[in-house]
Amino acid sequence: MDQRTCRIIKLLIENGSIKTIGAIARQLDVSAKTISRNLTKVDEILAAYDLTLERRTGSGLQLIGSSIKKFSSHKLKTPYFDGSLTSSN
């Protein structure tokens with residue numbers, strides 16, 4: 001899992017509500033198109049944990065699923081999630 005994908009997931013979990021692609025892009029200092037391209041990877045990772053990235057037209061993105069707490073408590077402790085690794089993507 002690459003750093004940007006991890007950071008997108010982390011932002012969605014931390015926010016807990018709907019977040020726009022533009023807002024995520026600004027926080028990660030990349031274009032909205034870059035975030036959109038990464039969403040395929042995000043979907044694949046989330047699917048393994050029975051989580052869904054819901055896309056709401058005109059509103060934004062939101063994580064849906066009963067295992068968000070489980071995912072965040074285990075996966076957010078990896079170096080990419082906690083910010084201890086820095087690599088360019």
Nearest 0.5 Å, please: how far is [atom2] in [Y] from [atom1] in [X]?
X: R56; Y: K19; atom1: CZ; atom2: NZ; value: 15.0 Å
X: E14; Y: R7; atom1: CD; atom2: CZ; value: 10.5 Å
X: L11; Y: I24; atom1: CG; atom2: CD1; value: 6.0 Å
X: I8; Y: I45; atom1: CD1; atom2: CD1; value: 9.5 Å
X: T5; Y: L46; atom1: OG1; atom2: CG; value: 10.0 Å

With a 4.5 Å heavy-atom cut-off, do [X] and [Y] have their side chains touching?
X: L28; Y: I35; result: yes
X: E54; Y: L63; result: no
X: L61; Y: L12; result: yes

Which residues pass the side-chain contact (heavy atoms from CB on, under 4.5 Å) test with S36, not counting sequence neighbours? I21
Under the side-chain contact (heavy atoms from CB on, under 4.5 Å) test, residues paired with A47 that sit two or more places apart: none
Selection residues 33-45 - residue pairs positive for salt bridge (Lys or Arg N to Asp or Glu O under 4.0 Å), sequence neighbours left out: D2-K41, D43-R55
So, applying side-chain contact (heavy atoms from CB on, under 4.5 Å) with I9, which one of V42, L51, L53 is it? V42
